[in-house]
Trainee: 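Structure below; questions to follow.
Numbered from 1 within each chain, the chains take letters A, B, ... in sequence-line order. Keep in mind that the numbers below use all heavy atoms, side chains included, and drop hydrogens, waters and symmetry copies.
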Number of protein chains: 2
Amino acid sequence: MNSGVSQNFIRIPKATFRAHIVDGLRNAILSGEIPPGAQVIESSLAAQFGVSRGPLREAMRQLIDEGLLVTVPYTGTHVVDLSVSDVREIYSMRVNLEIFAFEQVWSRRDQSFHEGLRARHAALTRCIDAEDDVASIDAELQLHGFVYEATGHQILLKTWESIRGRLQLYWAAHHRAHGIRGPRREGHDSYVENALGDDFEAMRTEIKNHMARGGEQTEEFLLGSESNTATQSDLAAGGSK
Amino acid sequence: MNSGVSQNFIRIPKATFRAHIVDGLRNAILSGEIPPGAQVIESSLAAQFGVSRGPLREAMRQLIDEGLLVTVPYTGTHVVDLSVSDVREIYSMRVNLEIFAFEQVWSRRDQSFHEGLRARHAALTRCIDAEDDVASIDAELQLHGFVYEATGHQILLKTWESIRGRLQLYWAAHHRAHGIRGPRREGHDSYVENALGDDFEAMRTEIKNHMARGGEQTEEFLLGSESNTATQSDLAAGGSK
DNA sequence: CTGTGATTGATTGTTGACAATCGATCACCA
DNA sequence: TGGTGATCGATTGTCAACAATCAATCACAG
């Protein structure tokens, strides 16, 4: 189609404000700069980002779809504060999605899959050994995200991304609030070994165990303290249950 | 709170334009009033709905997130035109989600679940017997949607809703284009029997078969004609793969 | 002191106009 | 004739002002 230019170009890093603001705002939320439960005011943020309320409003709407913000018409918008049941749902969904992901990718695991997985595992291990919890969380998300990308399944990948934000928000928030340690080494070694092995059923149980470990750890803290901060998120869910 | 009025109210019949427009626009797309591939112009629709471009823009952005529209900055917005691989992904994801849904609901199936499922099955059967294909499609979506709602799993339900639109778009579009008949009776009888039975594994295979039937039928038409209309949707996916 | 109704400040919803960008068309030149 | 660059209409992106709504406050009657 086009003349034979040298390299394949990046697909349009289009300079649209909204995309840039989404990243910035999401980062501010996930980093805890804007903590869970805090109110987010359009006009303030607009001034802070140096743009009008229009683009910022659309960016916020996207983060609402991602489950990071909740809004009540004419009243206000807040950073989501996950409830116990929300976290349970996230973990059960993760187990399901990840097993499905391996089901999809299992027969397609090639050299680059092996290398990619091991590289991310190594990166995660380095972060853990350096006791950099923030980087560890990010590295773990990278590790799991790599599997979803490897499936080539767009809808699956998008679904993973739709819960990844909330998972990250939860990890980061409770890490800061309760001093929970980041990911540990042991769990991921067996995870990767099984992921690259030949026994799919073993991988299935590995995923369930892997997630269960994380789930237990977090539920302890949730139930230990009385931090059943379900108010905002329940309001947001549409008033069910 | 309020004086003792008669009935319990619906949660917020809030008069926000955007919500109303989303429904109207989505309906226009799913009904085929705006066919796949057609361009959607903000200013035109704004005039048609009698509102400004602001709210309409946000409504469109939501339909973009739902996968019904695709947009290119400064250029235009079109109704999505699903590719073969898109349909394959939708069906494989459906199988996974629905098995997970029954996994979640299996031990909680009570009287109201039985009645609700049978009621929707009866409604679907009536629509099929009446040879009302449009109503049949809707009734089938209601039947499956009931299962997702019964799980009480908010994230799962939201995920189902995120692919339901595209599924409906696909069914409706190819029903009109190729004259494919709507849902048939046979498939759903065994589906419901298994859903209310005691054998979970039987239900698992039932789901796979149920979806496989639908998948085959549609793939025939997709591959039979050269309608690999992947252009728009591939562009939209963000240029991956 | 208690409950009720008006007031007010804050925040989001909505609007119309203006700016930036894209794609196609068309003139022009080698 | 083929290709290159400018022009133009169409469409989306952005902005600042205005309207609608809500939640808290406060005065006031019982």
Trainee: List the atom of B:Ala101, the atom of B:Thr151, and the distance in Å for their closest heavy-atom pair.
Mentor: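 Heavy atoms of B:Ala101 and B:Thr151 come nearest at O-CG2, 3.3 Å.
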
Trainee: So what does A:Gly54 touch, heavy atoms closer than 4.0 Å: a base, only the sugar-phosphate, or nothing?
Mentor: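 Nothing: the residue A:Gly54, judged by heavy atoms under 4.0 Å, touches no strand.
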
Trainee: Taking OP1 and OP2 of D:dA23, is either one under 4.0 Å from a side-chain nitrogen or oxygen of A:Thr75?
Mentor: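 Yes, such a contact exists.
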
Trainee: Rounding to an integer number of Å, can you tell me how far A:Gln62 CD sits from D:dG13 P?
Mentor: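 Taking CD of A:Gln62 and P of D:dG13, I get 13 Å after rounding.
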
Trainee: Could you check how far CZ of A:Arg57 sits from P of C:dG13, rounded to whole Å?
Mentor: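 Distance check: A:Arg57 CZ to C:dG13 P gives 4 Å.
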
Trainee: Specify the separation, in whole Å, of atom CD of B:Glu42 and atom C1' of C:dT14.
Mentor: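 Result: 15 Å.
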
Trainee: Rounded to the nearest angstrom, tell me the gap between atom CG in B:Leu56 and atom P in D:dT14.
Mentor: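 After rounding, the reported distance stands at 17 Å.
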
Trainee: Starting at atom CZ of B:Phe17, determine the distance to atom P of D:dA20, rounded to an integer number of angstrom.
Mentor: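 The distance from CZ of B:Phe17 to P of D:dA20 comes to 10 Å, rounded to the nearest Å.
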
Trainee: Between A:Glu98, A:Glu161, A:Arg164, A:Lys158, which is the residue that forms a side chain to side chain donor-acceptor pair (under 3.5 Å) with A:Tyr148?
Mentor: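 The side chain to side chain donor-acceptor pair (under 3.5 Å) with A:Tyr148 is passed solely by A:Glu98 among A:Glu98, A:Glu161, A:Arg164, A:Lys158.
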
Trainee: Between A:Arg53 and C:dT12, is there a side-chain N or O to OP1/OP2 distance below 4.0 Å?
Mentor: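 A:Arg53 to C:dT12 OP1/OP2: no side-chain N or O under 4.0 Å.
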
Trainee: If you check the B:Ile41 side chain, which of C:dT14, D:dT11, C:dG13 turns out closest?
Mentor: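 Given the options C:dT14, D:dT11, C:dG13, the side chain of B:Ile41 is closest to D:dT11.
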
Trainee: Counting side-chain heavy atoms from CB outward, which of C:dT12, C:dA20, C:dT15 is closest to B:Tyr74?
Mentor: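 Side chain of B:Tyr74 sits closest to C:dA20.
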
Trainee: Would you mind reading off the distance between A:Ile21 atom CD1 and D:dT14 atom P, rounded to a whole angstrom?
Mentor: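 From A:Ile21 CD1 to D:dT14 P: 8 Å.
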
Trainee: CZ of A:Arg18 versus P of C:dA20: gap in Å, rounded?
Mentor: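 Atom CZ in A:Arg18 sits about 18 Å away from atom P in C:dA20.
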
Trainee: With a 3.5 Å distance limit and no angle check, can you tell me whether B:Arg88 reaches the backbone of B:Val84 through a side-chain donor-acceptor pair?
Mentor: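 Here the side-chain-to-backbone pair does not exist.
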
Trainee: For B:His20, is the NE2 atom crowded, meaning more than 12 foreign heavy atoms sit under 6.0 Å from it?
Mentor: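 Result for NE2/B:His20: open.
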
Trainee: Return the value, rounded to whole Å, for the distance between atom CD of A:Glu58 and atom P of C:dT12.
Mentor: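 My rounded result for the distance is 16 Å.
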
